[in-house]
Structure formats: C-alpha cells, structure tokens
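Worksheet for the structure shown next.
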Amino acid sequence: MGSAKLKIGGAWSGVLEVELEEWTVLMLREEVAKRSGHGGGPETINLICAGKLLKDGDGTEKLSQLGVRNNAKILASRVSVDQGKSVKEESLAEEERSTRLSRLKAAAVSLSARHADGSLPVEDFNLELENQSGQKVQLGSETDQRAIMMGLMLHANAKALMRKKKYKEALEVLTMGEVNANLFLAFHRVYINILLNAHTEAGSSLQEAFSLCDQKLIEMVDNVPILQIDMVWCYFMLRDISWLSVAGVRLAKAREGLERSHGKEASRLRLLQKGRYPEIALHLRLELLEGVVAYHSNQTEKSRKSLTSAQTKFLQLQIPDEALSLLLGMGYKERDSKRALRMNNQVVENAVDFLVEEKEKKARKRVDDLKRQKEIMEQKCYGTTPLGKAVDIERLNELVSIGFEKELAAEALRRNENDTQKALDDLTNPEANSSIQIHIESRKKKRLRQAANASIEELVSMGFPREAAAAAIRSLGTRQAAIDHLLQGTSNTAAAGDHNVDNTLPNDQGGDGIANDPLSNDQSEDGSGTNAGSSSDGGPSHNKVETRDVEMEDEITGELLKGDAYSDYDIEVTEEGEAINEYLALMTVGVNVEIGSSS
C-alpha cells in the first residue's frame with residue numbers, strides 16, 4: 001500500500017502523508033506535536049479517529065491495523081503534561097475520589113432527609129424548595145421532597161466542579177445523581193433556598209434519585225435536560241469520545257426535554273421570562289455538542305448545520321463594548337452587566353430593567369430569609385411533636401388569628417402532630433386546655449432551673465464556692481450580677497425570696513443542664529416533643545443522634561447559597577466559541593483536501 005493522506009485538525013490543522021502499514025500511533029503523535037509547535041512532546045497529544053481514541057498499545061501496531069484509512073479525519077487535542085503520573089499516584093487519586101463521592105452522597109442523603117420531613121434543623125439554616133419566582137413549593141410526598149433535594153444538591157456540587165475544570169470529578173457526581181433527575185416536579189425550575197441565621201459563616205445514582213417521580217411532571221421542567229447537557233459537556237471537555245454513542249442519546253433527550261418544558265421555539269419560556277432570552281447560551285452548548293457528535297459519526301452536513309447555528313448564537317451573545325460601558329457607568333458590576341445583556345439580547349433598556357428587578361428580588365429575599373430565621377428560632381422554642389416534627393408556623397398563626405394565645409396554641413399543635421382540628425378540640429376543651437397551661441408553666445420553671453444550674457456550674461468552674469454561687473444566683477437572678485456580687489466579697493447574700501427560681505436546686509438538675517439556651521425544650525409529660533439533646537429529666541435525649549459529616553455538608557450548602565434561578569443559563573461561552581471554530585476548521589480542512597484531490 002502506498003502513502004495515504006490524513007486530514008488533521010485541532011492542535012494542528014493540515015494534511016499529512018503517511019505510510020499506514022509503517023506508521024504507529026506514537027509516530028503520528030510525534031509528528032503532530034512537532035508541527036503544532038506548542039513545545040510539548042508526543043505525550044501531550046491525543047488523537048481521535050472515527051470516534052475512537054488512538055492508543056499506543058504495545059507500540060508495534062500500525063495505523064492500518066487500528067482501522068485508519070486514506071483520507072481519514074483525525075482530531076488532535078492537547079492534554080495536560082501531568083497525565084503521566086505514576087500508577088501509584090493514580091491509584092491514590094482514584095481512592096480519594098471514591099471516598100469523597102461516598103461522603104458526598106451520604107451528606108446529601110442526610111441533608112435531604114433532615115430538611116424534607118419537617119423536622120427542626122440541627123444546623124443554623126433551613127433548606128426549602130422554591131420555584132423560579134422565589135415561592136416556596138411542596139412537591140409530592142416526603143420521599144419526593146427528599147429525592148428532589150438530593151438531586152439538586154448533587155447537581156449544584158457537580159456544577160461547582162465544572163467551574164473549577166474538574167470535569168472527571170464532576171461527571172462522577174452527575175452520574176451519581178442522574179437517577180434523581182426525574183424527581184423535578186413543577187412548572188417552573190426548582191432550586192434550593194438556604195436560609196441562614198445571622199451568625200452563620202458562610203449515570204446511575206443522580207439519575208437514580210430523579211427517576212422516582214411521576215414522568216408527566218418531569219417533562220414539565222428543564223432541570224433534567226440541563227443535567228444531560230452537563231454530562232455530555234464533561235465528556236467533551238475530557239475528550240472522551242468513547243462515550244460518543246451515549247452522548248448522542250443524551251443530547252436527543254435533552255433537546256426533546258427542553259422543547260417540552262420551554263415550548264416550541266421557547267415560546268413558554270419567553271412568556272414566563274417576560275420576553276427575555278436566558279436560554280440562548282444553553283442552546284449554543286447543546287448545538288455545539290450535537291455538531292461534535294455528528295462530526296465523529298461522519299455526519300458532516302448535520303455537523304456543519306449544528307455548528308453554524310451554534311456559531312450564530314455565539315455571535316449573538318457577544319457583548320458590545322458600548323452597551324457594557326453604559327451599564328458600568330451606571331454603577332453595575334461587570335459580571336452582572338454582562339449577564340443582564342446576555343439574558344436580554346443585548347438590549348440595554350431591558351438589561352437595566354433586569355438588573356433593577358434582580359436587586360429588588362434579592363432585597364425581598366433577604367427580608368423573607370430574616371423572617372424565616374425568626375420562625376425557625378420560634379419553632380425551636382415550642383419543641384417537637386411526638387414524631388419529631390416542628391410546630392407548623394402557618395397553622396399556628398391560623399389559631400392565633402382566631403383568638404388563641406400563641407404559646408397555648410403551639411403546645412396544642414405540638415401534641416397533635418400539627419393537626420389543626422385536634423388542636424382546636426383541645427383548646428376548646430376546658431380540661432385539655434387546663435392541662436396544656438399547667439404543662440407550659442411547668443416547662444417554664446424547668447427551663448429557669450436548668451439555666452440557673454448551668455450558671456451555678458459556670459461560677460463553680462471559675463472557683464467560687466458552690467453554696468455561695470447558688471445563693472447569689474437565687475437572689476440576683478442573672479449570672480453577671482452574681483459574679484459582680486461574689487467578686488465584691490460580700491458574705492451576706494440577699495434573703496429575698498426566689499424571684500423566678502425555685503428555692504431548691506435538685507442535684508439531678510445539675511451540671512448537665514442546658515446552659516443559657518432559651519431555645520432548648522423538654523419533652524412533654526408523656527415523653528414526646530423533645531428537642532435533640534434534651535429530655536424530660538434534663539438528661540440525654542433518647543432520640544437517635546445522627547453522625548454528621550459537617551465539612552461535606554458545608555461544602556454542599558455553600559454551593560447552593562451561591563446559586564439562583566438563572567445560574568443554569570448563565571454560561572460564559574468562551575470555550576464554546578473556541579470549540580466551534582476548531583471543528584468548523586476541521587471540516588474546512590477536509591473539504592479543501594477533497595477538492596484538491598478531485599482536481
């Protein structure tokens with residue numbers, strides 16, 4: 001066999017004449033590396049032909065044996081030089097990734113379980129599902145809620161890894177969460193809102209969680225199509241063409257899903273978004289990936305059509321300097337300005353309206369968050385139901401609105417698992433009402449005893465005699481006043497009666513009391529409604545104590561805090577533009593060679 005022509009594109013573009021029966025992959029990589037002039041050796045070049053990565057093997061296999069033919073199109077891509085790490089290093093890295101994945105999934109399961117079942121949060125925040133308008137939504141059963149939250153958390157974590165260019169790790173997380181994708185349920189996109197207290201510092205498995213919900217509901221949202229696109233983007237950025245066939249299937253599903261959720265030609269989305277164009281960058285990425293898959297499947301015309309359409313969208317998303325300058329002159333940040341212009345088809349007036357609306361939305365959200373924080377703190381004051389749920393604030397407010405005292409109504413709801421009618425029955429029953437009042441008074445006294453005991457223990461730890469410390473706390477009421485009194489060396493303690501505290505401080509309410517925590521609660525007299533860490537006798541709770549991976553949970557919730565309703569659409573398209581030019585150039589090389597060979 002004589003010499004053959006290979007059409008090379010990517011890291012270097014041109015035509016090479018080679019002897020297919022003589023040349024090996026290593027020889028071809030060396031030649032491409034030399035001609036590309038980027039200074040790296042052959043180990044920095046990957047070669048892809050007909051959807052397969054050309055590998056050196058034992059170094060003796062010729063190009064013809066690997067299926068390379070005359071006029072074959074080959075994509076050459078640069079890879080990081082650190083891909084030559086030792087087997088030991090690779091093994092350790094793989095083990096570390098596996099451990100991290102296990103921790104991530106366990107943390108997501110734990111977080112979703114705690115925040116989907118109505119229990120009091122043990123953290124300083126609360127997770128809630130919201131639609132794109134910022135309204136709280138309740139989607140399906142408790143199991144559905146858990147799965148939705150888990151899927152969203154995993155997807156957000158994967159996107160963070162993608163932003164850091166850690167595509168292999170991101171793909172593993174996306175694969176782990178793909179089954180959860182079918183759990184997205186609403187007409188609008190759903191995302192998780194984190195409400196933080198003021199003192200807070202701030203595949204088969206993702207699909208597994210999403211696949212458990214009603215398929216008809218899944219078809220109405222775009223989270224799942226976006227997940228499919230993200231997975232294929234990771235394949236592409238890894239230059240992993242071995243996923244070519246499954247990539248095509250994923251992209252087809254993504255396109256169908258986007259059309260169902262956004263409407264024909266995005267008509268439904270345009271209505272929901274008040275005429276805005278948030279989806280252009282997402283469709284650009286979709287069309288680019290469709291073009292890449294078509295190219296490697298030897299569907300040249302289909303590839304050219306997709307890439308040309310993607311290029312049009314890329315140009316449409318380029319920010320005019322004049323428009324950006326106007327927004328910057330108004331005091332808006334560069335990133336926010338670019339985002340607003342991209343979302344509004346470069347129309348400055350609409351971009352300004354968008355920025356004003358987003359600022360107002362954030363202000364409202366801050367107010368709502370503070371309100372919810374207060375509600376969470378209030379719920380902790382009321383304790384939990386026999387099944388460990390928090391008192392429902394909305395139902396509590398309903399009872400208060402018809403004239404019942406708040407603390408009384410809260411206790412009635414707590415005892416009756418938030419059943420409004422049963423709570424109402426207790427409140428209107430004189431005997432039951434009296435029992436509730438007695439319990440509330442008893443609980444107040446108990447809290448005061450526990451607070452006093454904690455203060456006494458603190459004073460004793462500071463070196464004061466227990467008897468003197470107890471007398472000072474009983475007579476003066478507050479820890480600071482007691483300290484001032486004891487430091488003055490006064491030996492005569494006030495003989496006044498116990499203001500707010502019983503005259504006796506039982507030993508069983510001693511040092512293990514709940515120190516200075518007005519939010520702590522006790523069980524009711526029947527042993528129910530305890531907060532974690534407290535019980536009816538002031539000792540350890542009988543509730544199961546969950547082991548938390550706080551570090552991983554903080555990583556998950558930290559990423560959720562950064563997101564908003566437009567995060568999935570807000571794509572910097574620089575890499576997409578480079579890839580479009582790369583593949584269009586690759587096809588141009590092929591056309592030029594074909595024309596040249598036919599003359």
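These numbers were taken from a predicted model, which means no experiment stands behind them. Computed over heavy atoms, backbone and side chain alike; hydrogens, waters and symmetry mates excluded. This chain uses plain numbering: 1 for the first residue, then up along the sequence.
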Option from Arg366, Lys371, Gln373, Lys365 for which side chain to side chain donor-acceptor pair (under 3.5 Å) with Asp369 holds: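 By the side chain to side chain donor-acceptor pair (under 3.5 Å) criterion, Asp369 pairs with just one of Arg366, Lys371, Gln373, Lys365: Lys365.
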So, are [X] and [Y] salt-bridged, with charged N and O less than 4.0 Å apart?
X      : Y      : value
Asp570 : Arg335 : yes
Lys406 : Glu378 : yes
Glu375 : Lys380 : no
Arg395 : Glu398 : no
Arg415 : Glu411 : yes
Glu169 : Arg100 : no
Asp368 : Arg372 : no
Lys389 : Glu417 : no
Glu256 : Lys253 : no

Report yes or no: do [X] and [Y] form a side-chain donor-acceptor pair below 3.5 Å?
X      : Y      : result
Asn416 : Asp426 : yes
Gln421 : Asp425 : yes
Asp484 : Gln480 : yes
Asn453 : Glu457 : no

Taking all heavy atoms of [X] and all of [Y], pick out the closest pair and write down the distance.
X      : Y      : value
Ile436 : Ala412 : CD1-CB, 4.0 Å
Ala390 : Asn418 : O-ND2, 2.9 Å
Ala410 : Val391 : O-CG2, 3.9 Å
Ala351 : Asn344 : CA-ND2, 3.8 Å
Tyr569 : Ala281 : O-CB, 3.9 Å
Arg339 : Ser567 : NH2-N, 3.7 Å

Could you tell me the separation between the [atom1] atom of [X] and the [atom2] atom of [Y], rounded to the nearest 0.5 Å?
X      : Y      : atom1 : atom2 : answer
Leu171 : Leu161 : CG    : CG    : 11.0 Å
Asp230 : Ile571 : CG    : CD1   : 7.5 Å
Ile226 : Glu279 : CD1   : CD    : 10.5 Å
Leu104 : Asp549 : CG    : CG    : 9.5 Å
Leu413 : Leu427 : CG    : CG    : 7.5 Å
Thr428 : Asn433 : OG1   : CG    : 8.5 Å

Glu555 vs Arg103, salt bridge (charged side-chain N to carboxylate O under 4.0 Å, His left out): CA-CA, chis, key distance, verdict: CA-CA 11 Å; Glu555 179 181 326; Arg103 290 178 59 203; over 6 Å; no
Ile438 and Ser434: CA distance, side-chain angles, deciding distance, side-chain contact (heavy atoms from CB on, under 4.5 Å) verdict: CA-CA 6 Å; Ile438 292 171; Ser434 177; 4.1 Å; yes
Are the side chains of [Y] and [X] in contact, using a 4.5 Å heavy-atom criterion?
X      : Y      : result
Leu258 : Ile229 : yes
Lys166 : Met162 : no
Asn350 : Arg276 : no
Asp392 : Leu396 : no

Audit row: Leu399, Leu408, side-chain contact (heavy atoms from CB on, under 4.5 Å) steps and yes/no: CA-CA 10 Å; Leu399 292 176; Leu408 205 62; over 6 Å; no
Side chain to side chain donor-acceptor pair (under 3.5 Å) between Asp568 and His155, intermediate numbers included: CA-CA 10 Å; Asp568 284 338; His155 197 176; 5.1 Å; no
Trace of the side-chain contact (heavy atoms from CB on, under 4.5 Å) decision for Leu487 with Phe464: CA-CA 9 Å; Leu487 287 175; Phe464 295 110; 3.8 Å; yes
Ring pair (Phe, Tyr, Trp, His ring centres under 6.0 Å) assessment of Tyr332 paired with Phe354: CA-CA 12 Å; Tyr332 293 110; Phe354 176 84; over 10 Å; no
Side-chain donor or acceptor of Ser435 paired with backbone N/O of Glu431 under 3.5 Å: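 No, because the side chain of Ser435 does not come within donor-acceptor range (under 3.5 Å) of the backbone of Glu431.
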Whether Ser110 side chain and Ala106 backbone form a donor-acceptor pair below 3.5 Å: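 No, because the side chain of Ser110 does not come within donor-acceptor range (under 3.5 Å) of the backbone of Ala106.
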More than 12 heavy atoms of other groups within 6.0 Å of Gln437 CD: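 Result for CD/Gln437: enclosed.
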Test log, rule side-chain contact (heavy atoms from CB on, under 4.5 Å), inputs Thr557 and Met552: CA-CA 9 Å; Thr557 54; Met552 188 57 68; over 6 Å; no
